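Notes follow once the structure below has been shown.
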2 protein chains.
Amino acid sequence: MDFLDEPFPDVGTYEDFHTIDWLREKSRDTDRHRKITSKSKESIWEFIKSLLDAWSGWVVMLLIGLLSGTLAGVIDLAVDWMTDLKEGICLSALWYSHEQCCWTSNETTFDDRDKCPEWLKWAELMTGHSEGAGAYLLNYFLYILWALFFSFLAVSLVRVFAPYACGSGIPEIKTILSGFIIRGYLGKWTLLIKTVTLVLAVSSGLSLGKEGPLVHVACCCGNLFCSLFSKYSKNEGKRREVLSAAAAAGVSVAFGAPIGGVLFSLEEVSYYFPLKTLWRSFFAALVAAFTLRSINPFGNNRLVLFYVEYHTPWYMTTQLGKYPVLEVIVVTGITAILAYPNPYTRRSTSELISELFNDCGALESSQLCDYYNNPNMTRPVDDIPDRPAGPGVYTALWQLALALIFKIVITIFTFGMKIPSGLFIPSMAVGAIAGRIVGIAVEQMAYHHHDWIIFKNWCRPGADCVTPGLYAMVGAAACLGGVTRMTVSLVVIMFELTGGLEYIVPLMAAAVTSKWVADAFGKEGIYEAHIQLNGYPYLDQDEFTHRTLATDVMRPRRSEPPLAVLTQDSTTVEDVETLIKDTDYNGFPVVVSRESERLIGFVQRRDLTLAIKNARQKQDGVVSNSVVYFTEDAPQLAPNNPQPLKLRRILNLSPFTVTDHTPMETVVDIFRKLGLRQCLVTRSGRLLGIITKKDVLRHMAQMMNQDPESIMFN
Amino acid sequence: MDFLDEPFPDVGTYEDFHTIDWLREKSRDTDRHRKITSKSKESIWEFIKSLLDAWSGWVVMLLIGLLSGTLAGVIDLAVDWMTDLKEGICLSALWYSHEQCCWTSNETTFDDRDKCPEWLKWAELMTGHSEGAGAYLLNYFLYILWALFFSFLAVSLVRVFAPYACGSGIPEIKTILSGFIIRGYLGKWTLLIKTVTLVLAVSSGLSLGKEGPLVHVACCCGNLFCSLFSKYSKNEGKRREVLSAAAAAGVSVAFGAPIGGVLFSLEEVSYYFPLKTLWRSFFAALVAAFTLRSINPFGNNRLVLFYVEYHTPWYMTTQLGKYPVLEVIVVTGITAILAYPNPYTRRSTSELISELFNDCGALESSQLCDYYNNPNMTRPVDDIPDRPAGPGVYTALWQLALALIFKIVITIFTFGMKIPSGLFIPSMAVGAIAGRIVGIAVEQMAYHHHDWIIFKNWCRPGADCVTPGLYAMVGAAACLGGVTRMTVSLVVIMFELTGGLEYIVPLMAAAVTSKWVADAFGKEGIYEAHIQLNGYPYLDQDEFTHRTLATDVMRPRRSEPPLAVLTQDSTTVEDVETLIKDTDYNGFPVVVSRESERLIGFVQRRDLTLAIKNARQKQDGVVSNSVVYFTEDAPQLAPNNPQPLKLRRILNLSPFTVTDHTPMETVVDIFRKLGLRQCLVTRSGRLLGIITKKDVLRHMAQMMNQDPESIMFN
């Protein structure tokens with residue numbers, strides 16, 4: 001089979017919502033590569049073309065890095081501006097965010113970096129009053145109004161222009177990378193709308209993150225650049241290698257963590273990840289991080305965030321789910337109303353996390369650092385001993401506890417909505433709040449009861465024994481780990497985020513413990529759960545341990561009609577057309593004869609349809625009575641027979657076979673590792689049946705006592 | 001096939017220097033698992049046993065972490081002491097190293113941490129003089145003598161007790177992990193001798209590292225603990241999962257880099273690395289790093305090293321290679337003679353690297369920091385501007401240049417010797433020296449010519465533009481990357497080593513560039529080159545792009561006798577015994593009859609031999625004339641025939657088949673991903689031939705114009 005000079009257009013492509021055949025894609029790419037190599041010896045021009053081809057992979061990576069880094073930078077800036085727009089506006093330049101506005105102001109003092117005359121809250125701008133209950137209520141009201149406006153705009157844009165832009169996209173990307181085709185999911189429109197609505201959704205103050213969607217955005221960029229090179233655009237297997245690297249670039253810009261991005265792509269998202277893709281992902285992640293850093297001029301130590309996607313299954317049960325726009329409006333309204341009064345929920349979640357991670361230095365003005373000063377404080381500033389908590393800390397504790405409950409509840413409702421949303425930041429925030437509360441509690445216990453056995457050995461009075469900020473960091477890692485079941489990539493992202501290489505041991509311990517605890521509730525991470533919920537045909541890495549054989553899974557079953565096959569040289573065009581019309585199988589085995597049942601190959605339905613249509617149009621003498629043959633030479637026919645039609649070109653001569661006695665665990669392994677679409681079953685050389693990926697998934701669902709029909713089929 | 005209640009001992013095991021069948025191992029483990037799960041419902045005791053079994057993986061990881069961490073700590077301490085023993089001895093406690101000796105001394109001042117009255121050089125101890133040419137020569141002589149003694153002891157121990165203890169072991173571990181069996185390579189003796197001789201070899205001052213061998217030591221620990229649990233000791237596939245994790249623990253203690261260890265195992269060493277192994281490796285690496293940290297009380301910021309193995313192929317050509325002991329003595333002698341006079345080669349390589357990485361702070365006393373002070377120095381100590389180099393720096397430059405040449409040459413000769421040796425540290429040292437020299441050159445150029453275009457834009461006069469230490473770090477990473485072709489794991493290890501998260505971009509750029517440059521010389525890293533040199537049957541990840549088909553590779557060839565097969569119910573015991581005697585194939589296909597050539601299964605030679613031997617001994621009526629049958633029911637035989645022998649139990653009913661038209665790239669892919677030993681070739685249901693892993697490797701070598709016989713066969 002030479003797919004390069006395709007006999008008719010579209011042969012070897014796939015239909016929407018179908019699964020690709022990895023082995024075939026790989027084989028096609030090798031053919032292409034071989035052709036280019038042999039041509040390159042012919043002329044200088046062909047040689048240069050072959051060099052360009054060899055380097056096109058790196059070029060695509062460079063472009064992906066540049067574009068996704070740029071988009072992430074633009075999104076960051078836009079979110080900053082629009083989040084502040086809910087509170088007020090900068091008079092000196094309307095496009096400045098609060099921070100930029102006061103940053104450029106001359107009248108800003110170091111103590112009050114947030115206050116400058118150029119920045120006006122809405123109430124002050126409209127009424128001239130900046131204090132009092134009236135101004136507070138007016139600001140509150142406008143805050144809610146802006147939030148509703150942003151989220152309404154976001155949900156409407158998604159509904160009208162790009163339904164695929166909702167959610168985080170990671171479960172779908174995982175499914176696509178495993179070999180499924182969802183046309184348009186990574187298209188230009190999705191890219192555009194997702195970028196715009198992501199800014200709107202985050203700015204509206206909903207409890208969602210932008211990091212998961214950024215992975216989707218980066219993958220859209222990857223898909224976009226694939227179309228520039230036929231090497232990638234015409235081969236679904238090669239395209240997925242690029243997408244794996246794009247996912248790494250996405251995480252890289254989302255959290256400013258290039259290594260973490262590569263590991264995330266490897267551990268969480270990718271299906272087929274050869275060493276070559278590892279190197280390329282590394283390069284793309286590097287370029288993306290570098291681009292983002294050069295764009296964003298406010299790299300002043302703020303937490304570059306990293307989110308995990310968290311589409312909880314529960315949203316399916318709310319009645320609101322039927323009215324997505326209304327749902328978004330209601331949730332935004334509730335979020336805005338409840339979030340504004342509490343200082344820990346009003347600010348952006350990433351700022352909150354950043355504050356929770358911080359230790360209380362000597363100059364810290366946060367309410368969380370309102371400790372009574374220790375009288376004997378003669379130490380350097382970086383070694384502040386434990387001190388009794390002041391009233392500010394107790395107030396903060398109450399507010400944090402309320403914020404914790406609010407975040408948990410609202411996050412659950414937010415994730416199912418039809419807008420771009422990520423879960424890394426919200427779940428980190430939940431973990432960080434819980435961690436900080438525990439940290440302060442332990443610190444105060446250690447201060448007041450340093451003679452207790454647990455503190456006695458390592459905590460002298462007046463020393464700095466407990467760092468509540470570290471508790472928050474570990475809490476965030478543990479919560480995130482429990483939600484996504486990441487381990488290595490989680491730890492790397494956490495220390496790329498915080499620069500805290502010395503905390504590697506508590507972070508690793510938190511990651512392992514949270515994985516153990518979470519596994520006790522169920523083996524699946526949030527992505528797998530979401531994939532199952534949506535019924536995507538995804539073959540996960542779980543081990544299959546049931547004692548079934550290929551013969552139990554293959555079609556046809558005993559009660560079913562025999563397998564639909566073609567014979568190598570005795571089927572007519574009409575027979576084939578009838579078969580195609582009467583069945584909806586994706587392909588048909590070709591046998592020597594119906595009696596011997598010896599398998600010679602497999603032919604795809606789509607290729608067969610195209611080939612016959614093409615032959616009927618262009619090849620004279622091909623009529624309904626013509627014999628279709630798949631052998632090398634035309635069969636011996638009676639002289640009055642019409643001209644036969646040779647279809648060996650579209651016949652796959654190396655179909656995958658297993659015997660009927662093969663254990664299903666081996667079959668599952670083969671499907672998973674080789675990325676098959678289907679596999680034929682034989683016994684003593686006779687064709688018995690067929691197992692498709694669909695059959696495998698259905699069988700696995702059955703074995704786990706799930707509804708086998710919950711899997712979305714082709 | 002139920003391998004749990006094995007019909008006779010040793011069925012399902014492998015011989016030395018054979019390749020395992022991954023699918024079979026996996027299938028056996030699933031059987032075992034299934035049995036335990038079904039038993040666990042019978043009684044409380046069985047339930048507890050099943051829980052213990054489920055946790056045994058984590059227990060093994062814990063034990064590996066503890067033991068390999070302990071061994072690494074002991075090796076560290078012993079090397080410290082013995083390295084210093086070459087120069088002198090501590091009078092207050094003979095078992096103290098130089099540093100410990102002066103650390104505990106009361107008379108040590110901060111400026112001269114190296115000098116204290118308790119530590120005596122040999123010349124001072126023996127003659128009472130510590131200064132002058134005589135004392136220098138005596139110290140020089142004793143230094144050489146100790147070095148020769150250590151290396152002689154090391155090479156003799158390796159020769160006599162454990163030949164497998166030489167080298168780094170990483171290429172062999174890579175081969176073992178890919179499914180090859182080398183008995184004794186990870187045995188107890190190897191563990192013991194490698195630990196002892198590693199200390200001797202490193203202490204002798206040879207240009208070698210201890211990090212590669214530490215990976216071997218950790219894998220030996222892994223193998224040791226596997227024997228405690230039948231789950232791992234009886235299943236070669238499961239055992240390899242443990243060994244992958246052990247390799248991660250080894251790198252973790254070698255470099256103090258737990259995350260880097262996991263990535264190293266994933267990127268460089270492992271063949272089959274499921275997510276489960278990732279989590280376990282992570283845990284083992286964590287425990288190992290933690291154990292090492294709690295053992296080593298001198299964790300005072302010194303570089304915890306990480307080496308890559310570097311057995312250069314060139315040693316094959318030295319005549320000395322025939323006399324391993326003499327070779328070691330000669331190389332040690334030359335190393336000691338040349339290394340002592342140059343201060344940069346006399347000290348341990350890790351100390352050298354540590355000094356080269358360091359920036360010149362205000363208090364630095366190193367010769368490398370002998371700059372003329374800038375008159376207008378009113379800055380904080382951590383922002384020292386560029387200054388003109390003093391005479392010390394120029395002396396250091398010359399000595400470094402000599403050290404560079406010496407290190408490159410001696411390292412090439414050292415790696416092939418028959419003692420435990422690693423290459424991470426030596427190649428890092430080479431890169432770090434080169435980097436530091438370039439760094440100082442650029443710094444001086446920038447200082448003297450800051451109006452040059454390249455410096456103009458980013459380097460104001462009097463500012464700190466160039467950090468030579470960073471150049472050394474990047475150089476070390478680049479050199480190491482070029483040798484091993486690591487990328488992601490390299491960068492992670494480098495920043496775990498140095499804590500320099502902010503240098504992630506130059507480190508990544510160095511890793512990618514060095515990979516590109518090195519790839520231009522040849523695609524293989526040092527491990528792959530070594531595996532090829534030794535002819536191990538290792539199927540690497542390189543893509544196979546030739547246009548050959550299964551039919552071109554399978555045996556028998558056209559000129560050869562037909563394939564040796566068994567029939568399902570018409571071969572006698574004698575026929576089988578003759579076939580076993582006359583051929584040396586590892587297994588035989590079983591067909592329905594010689595005429596139809598329909599395949600029904602595959603039987604291993606070893607199982608067949610054992611089964612027949614067992615039957616002849618224990619089963620009455622089995623004689624040479626008995627018919628062997630593989631079918632469910634005994635064949636219809638004439639009444640005077642002897643009792644037939646049923647061998648269905650040892651028949652593999654699901655042998656792997658491909659058609660003769662299958663492209664070889666697909667076959668190679670299948671072998672690689674499924675870990676097959678052999679694969680049968682059919683056409684239209686008829687058995688045509690067989691392809692073994694050996695045939696695949698031989699074909700690949702042929703296609704690359706290499707000598708196909710260079711591959712070591714079973």
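Note that the coordinates shown come from a computational prediction; the quantities given were computed from them, not determined experimentally.
- For the atom pair Leu23(B) CG and Lys673(A) NZ, the distance stands at 6.5 Å (nearest 0.5 Å).
- Contacts of Leu687(B) with chain A are absent, with no heavy-atom separation under 4.5 Å from either backbone or side chain.
- A distance of 8.5 Å separates CZ of Arg686(A) from OG of Ser596(B), quoted to the nearest 0.5 Å.
- Comparing Asp660(B), Val491(B), Val591(B) by how many heavy-atom pairs each has under 4.5 Å with chain A, the most go to Val491(B).
- Looking at Leu286(B), both its backbone and its side chain come within 4.5 Å of chain A, counting heavy atoms on both sides.
- With a threshold of 4.5 angstrom between heavy atoms, Phe290(B) approaches chain A through side-chain atoms but not through N, CA, C or O.
- Contact detail for Glu267(B) and Trp279(A): the closest heavy-atom pair is OE2-NE1, 3.7 Å.
- Heavy atoms of Val658(A) lying under 4.5 Å from chain B are absent altogether.
- More than 12 heavy-atom neighbours from other residues, nucleotides or ligands sit within 6.0 angstrom of CZ on Arg598(A).
- Proximity to chain A is absent for every atom of Leu549(B), based on heavy atoms less than 4.5 angstrom apart.
- For Thr657(B), the parts lying under 4.5 angstrom from a heavy atom of chain A are both the backbone and the side chain.
- Taking CH2 from Trp58(A) and CH2 from Trp516(B), the interatomic distance works out to 5.5 Å, rounded to the nearest 0.5 Å.
- Note on Ile600(B), Thr682(B), Thr666(B), Ile259(B): by heavy-atom pairs under 4.5 Å with chain A, the leading option is Ile259(B).
- Counting heavy-atom pairs closer than 4.5 Å to chain B, the top residue among Val512(A), Val592(A), Leu278(A) is Leu278(A).
- At least one donor-acceptor pair closer than 3.5 Å links the side chain of Arg34(B) to the backbone N or O of His546(A).
- The residue among Ser684(B), Gly685(B), Ala509(B) with the most heavy atom pairs within less than 4.5 Å of chain A is Ser684(B).
- Only the side chain of Val262(B) comes within contact range of chain A, with at least one heavy atom under 4.5 Å from a heavy atom of that chain.
- Residue contact with chain A, scored on non-hydrogen atoms closer than 4.5 Å, involves the side chain of Ala511(B) exclusively.
- Atom CZ in Arg547(A) sits 8.0 Å away from atom NZ in Lys35(B) (nearest 0.5 Å).
- Contacts of Asp569(A) classified as salt bridge (Lys or Arg N to Asp or Glu O under 4.0 Å), with partners at least two apart in sequence or in another chain: none.
- What you find for Thr659(A) and Leu653(B) is that their closest heavy atoms are OG1-O, 2.8 Å.
- Taking every heavy atom of both residues into account, Ser654(B) and Thr662(A) meet most closely at CB-OG1, 3.1 Å.
- With sequence neighbours excluded, the residues forming a salt bridge (Lys or Arg N to Asp or Glu O under 4.0 Å) with Glu528(B) are Lys174(B), listed by chain and number.
- Nearest heavy-atom pair, Glu665(B) versus Lys26(A), reported as atom, atom and distance to 0.1 Å: OE2-O, 4.0 Å.
- Neither the backbone nor the side chain of Trp22(B) comes within less than 4.5 Å of any heavy atom of chain A.
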